[in-house]
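What follows is a set of notes on a single structure, which appears directly below.
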Amino acid sequence: MFTFESQGRCLTVAEAREWQQEMAGQIVCRDEVRDVHTVAGVDVGFEENGSVTRAAVAVLDFLTLQLVDFTIARLPTCMPYIPGLLSFRESPAVLAALQQLTVQPDLLLCDGQGRAHPRRFGVACHVGLLSGIPSIGVAKQRLCGEHDTLPVEKNSIVALMDDQQTIGYVLRSRTGIKPLYVSIGHRISLTSAMYFVQESLAGYKLPEPIRWADGLASNRGKIVEKASRILERSI
DNA sequence: GCGACAG
DNA sequence: ATCTTGTCGC
């Protein structure tokens, strides 16, 4: 029986799944977002053969989509990747990174699923609930649910259905490129989630906040340097 | 039993 | 996620 450490307790895989089902009931699917001035991208990468988890949070001004702050947190990896339990592996480092921020984000765009999860509790829900910050899940691959054929044209959208419910939307952010799977994380409606994701796009497959977090999490030297220069310049 | 399976 | 160069296409 495999067990792992989470929030100071040792959990079995079965207990983790039960906890997700309970916490899913705490998720707020209504809009509690107000005056969104800053939107943050959240992503995680690994170092040292996976023994170190590296979380990055990039805060952007929502109107200009310019970087205004970022943090990186490195923690020892607490458990392996298990489909459906990704958030237990990534959340600790993400929450640590969020607490290091100077500029507080009004909304989080997380790399991964939100409610489009078998137990309706993907990493975006987990991070949103524990941080209290409204959040959205933006995944590059599907975890669950089905959907109609998506036109190859940019801006095409189809509903992601599971168990008779619309759990998210599949969005083609660029013509001919694999789509994004958008679902709510916490304290926001699916309609608003789609609005914020689309407004955060700037010609690339991924929303700008996540593009930054992606580069910072995967520790691409060029990007870390670029981000650092932008910040010291804004002081 | 078999296939699916975020990052 | 991560290991990795060049290459096809808009």
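Lettering follows sequence order; numbering is per chain, from 1. Reckoned from all heavy atoms, side chains included, excluding hydrogens, waters and symmetry mates. From a predicted model like this one, the values you see are computed outputs, not experimental measurements.
- Residue A:Gln113 is in base contact, counting any heavy-atom pair closer than 4.0 Å across all strands shown.
- Across the protein-nucleic acid pair, A:Leu86 atom CG and C:dT2 atom C1' stand 15 Å apart, rounded to whole Å.
- With values rounded to the nearest 0.5 angstrom, A:Gln66 atom CD is found 8.5 Å from A:Glu208 atom CD.
- Stacking of A:Tyr81 onto the six-membered ring of B:dG7 is present: less than 5.5 angstrom between centres, less than 30° between planes.
- Contact check, A:Arg142 against B:dA6: no side-chain N or O comes under 4.0 Å of OP1 or OP2.
- One can place CZ of A:Arg220 at 13 Å from C1' of C:dA1, the figure rounded to the nearest angstrom.
- Across the protein-nucleic acid pair, A:Phe46 atom CZ and C:dC3 atom P stand 12 Å apart, rounded to whole Å.
- Atom CG in A:Leu180 sits about 14 Å away from atom C1' in B:dG7, given to the nearest Å.
- Across all strands shown, A:Gly45 has heavy atoms under 4.0 Å from sugar-phosphate atoms exclusively, and none from any base.
- When only modelled atom types and interatomic distance are considered, A:Thr12 and A:Thr3 share no side-chain donor-acceptor pair under 3.5 Å.
- In the displayed structure, A:Lys226 atom NZ is contacted under 6.0 Å by at most 12 heavy atoms of other residues, nucleotides or ligands.
- DNA chain B lies under 4.0 Å from no heavy atom of any residue of residues 195-209 of chain A.
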Applying ring pair (Phe, Tyr, Trp, His ring centres under 6.0 Å) to A:His126 and A:Phe88, what does each step give before you reach the verdict? CA-CA 8 Å; A:His126 194 135; A:Phe88 287 92; 5.3 Å; yes
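- Nucleic acid contact class of A:Asp43 (heavy atoms, under 4.0 Å, all strands): sugar-phosphate only.
- There is no side-chain donor-acceptor pair under 3.5 Å between A:Asn155 and A:Arg172.
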Verdict with reasoning, A:Asp214 to A:Arg220, per side-chain contact (heavy atoms from CB on, under 4.5 Å): CA-CA 9 Å; A:Asp214 219 42; A:Arg220 285 185 259 164; 4.1 Å; yes
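- Here C:dT2 presents its P atom at 9 Å from CG of A:Asp214, a figure rounded to the nearest Å.
- Within 4.0 Å of A:Gly176, counting heavy atoms only, lies no atom of the nucleic acid at all.
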Should A:Leu85 and A:Arg119 be marked as a side-chain contact (heavy atoms from CB on, under 4.5 Å) after you check the CA-CA gap, both sets of side-chain angles, and the distance that decides it? CA-CA 10 Å; A:Leu85 298 184; A:Arg119 290 168 293 284; 4.1 Å; yes
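- Contacts of A:Leu85 with the nucleic acid, taken as non-hydrogen atoms under 4.0 Å apart, include base atoms.
- Taking SG from A:Cys29 and CG from A:Leu190, the interatomic distance works out to 9.5 Å, rounded to the nearest 0.5 Å.
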For nucleotides 6-10 of chain C, print each protein N/O atom paired with a nucleotide N/O atom at under 3.5 Å, atom names and distance only.
none

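- If you take CD of A:Glu48 and P of C:dC3, they are 11 Å apart, rounded to a whole angstrom.
- Here the P atom of nucleotide C:dA1 and the CD atom of A:Glu90 are 9 Å apart, to the nearest Å.
- In terms of phosphate contacts, A:Lys140 brings a side-chain nitrogen or oxygen within less than 4.0 Å of OP1 or OP2 of B:dG7.
- Nearest heavy-atom pair across A:Arg187 and A:Gly132 is NH1-O, 2.5 Å.
- Taking the six-membered ring for Trp and the full ring otherwise, A:Tyr169 and A:Tyr181 have centroids separated by 6.0 Å or more.
- To the nearest angstrom, C1' of B:dA4 lies 12 Å from CD of A:Glu146.
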